[in-house]
Enquirer: 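Handing you this structure, nothing more for now.
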Amino acid sequence: MANQNPATPVKVPPSAANYTPATLDSDLRSQINATLLKEGHIGKIQDYLLHSLNAHSSNWPTTIQNHATSLLRSGEVTTFPALLRRVMEDIRHDTALGGGLAAKASNTNGTAEVNGSNKKSANGESASNGTSAGGPGAPSLAVPQAVVEDAIKVTRECLEMVCEIDDSGAT
């Protein structure tokens, strides 16, 4: 990482706290992203996220790898783009079911106590029996909530290093 304080911090209006992705000024976002890149913060965030994922007791990267391998071996997906789409769908599904929260309260063998499924049955219809995307008893594919919270904390710290709230009356 480069400096602790950038040479020219990005001036952010106080109203930015109320922005949504739809109302965020694209120039401001680009300026923040460029500064984060230039100052080496993007690498710090990525490294921290990767470390946190690997260090968490849920062993999330291995869970995702095992799920992807299972999908390929079963023939449910046969191409890499289809595999990526399916794994992302399954992660989103388990996340929507609260899998990230349940991963915090997982039992000692790393399987989360989560219900909900989008796994296809033999006739191609989606099963909605309340199990995770990996099937009954499978660990949740959601990113563990503790990892998400840690990543947000590091991202916020990096943003605070490169941004300065402009109280000069700009909105």
Side-chain angles (χ1 to χ4, degrees), residues 1-68 80-107 110-116 118 132-134 139-171:
M1 189 169 76
N3 306 343
Q4 286 291 36
N5 295 318
T8 309
V10 178
K11 303 277 188 199
V12 179
S15 61
N18 299 321
Y19 287 173
T20 66
T23 61
L24 181 62
D25 178 16
S26 61
D27 289 337
L28 177 61
R29 181 178 48 225
S30 294
Q31 191 177 7
I32 292 169
N33 288 340
T35 304
L36 287 170
L37 277 168
K38 184 176 108 189
E39 297 292 324
H41 294 289
I42 298 296
K44 175 185 176 183
I45 294 167
Q46 289 173 333
D47 290 346
Y48 189 85
L49 179 59
L50 183 59
H51 171 75
S52 188
L53 282 170
N54 285 309
H56 193 270
S57 63
S58 69
N59 201 9
W60 189 82
T62 301
T63 300
I64 296 300
Q65 182 179 10
N66 290 342
H67 180 62
F80 187 70
L83 177 65
L84 286 178
R85 271 192 303 277
R86 174 62 187 273
V87 169
M88 291 303 298
E89 286 172 13
D90 291 348
I91 291 169
R92 285 185 190 104
H93 177 268
D94 281 8
T95 300
L97 294 172
L101 295 172
K104 239 188 194 177
S106 62
N107 62 26
T111 59
E113 304 294 330
V114 176
N115 291 329
N118 70 352
S132 75
S140 173
L141 300 177
V143 175
Q145 188 63 30
V147 171
V148 172
E149 290 169 3
D150 288 346
I152 289 171
K153 179 182 171 191
V154 168
T155 303
R156 180 173 285 128
E157 289 170 0
C158 290
L159 285 169
E160 288 171 353
M161 286 187 230
V162 301
C163 294
E164 179 180 293
I165 302 299
D166 183 10
D167 291 324
S168 65
T171 58

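As the structure is a computational prediction, the values presented were derived from the model and not from experiment.
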Enquirer: Could you grab the distance from atom CD1 of Ile45 to atom CG of Leu50, nearest 0.5 Å is fine?
Expert: 13.5 Å
Enquirer: Output the distance between atom CD (Glu149) and atom OG (Ser52), rounded to the nearest 0.5 Å.
Expert: 10.0 Å
Enquirer: So, taking the atom named NE2 in His41 and the one named CE in Met161, what distance separates them when rounded to the nearest 0.5 Å?
Expert: 5.5 Å
Enquirer: Can you check whether Tyr19's main-chain N or O pairs, donor with acceptor, with Thr23's side chain at less than 3.5 Å?
Expert: no
Enquirer: With salt bridge (charged side-chain N to carboxylate O under 4.0 Å, His left out) as the rule and sequence neighbours excluded, what pairs involving residues 17-33 come up?
Expert: none
Enquirer: Indicate the atoms forming the closest heavy-atom contact of Val154 with Lys44, along with that distance.
Expert: CG1-CE, 4.3 Å
Enquirer: So, taking the atom named CD1 in Ile64 and the one named CG in Asn59, what distance separates them when rounded to the nearest 0.5 Å?
Expert: 10.5 Å
Enquirer: Distance check, rounded to the nearest 0.5 Å: Leu37 atom CG versus Ile32 atom CD1?
Expert: 12.5 Å
Enquirer: Rounded to the nearest 0.5 Å, how far apart are CG of Leu141 and OG1 of Thr95?
Expert: 8.5 Å
Enquirer: Which heavy atom of Ser58 sits nearest a heavy atom of Thr63, and at what distance?
Expert: O-OG1, 3.5 Å
Enquirer: Applying side chain to side chain donor-acceptor pair (under 3.5 Å) as the test, list every pair that has at least one member in residues 150-161; sequence neighbours left out.
Expert: none
Enquirer: Given Leu36 and Leu159, is the side-chain contact (heavy atoms from CB on, under 4.5 Å) satisfied, shown in steps?
Expert: CA-CA 8 Å; Leu36 287 170; Leu159 285 169; 3.9 Å; yes
Enquirer: So do the side chains of Leu97 and Ser140 get within less than 4.5 Å of each other, counting heavy atoms only?
Expert: no
Enquirer: Would you name the heavy atoms of Pro139 and Asp94 that are closest together and state the gap between them?
Expert: O-OD2, 4.4 Å
Enquirer: When Val87 is tested against each of Asp90, Leu84, Leu83 for side chain to side chain contact (heavy atoms under 4.5 Å, CB included), which residue passes?
Expert: Leu83
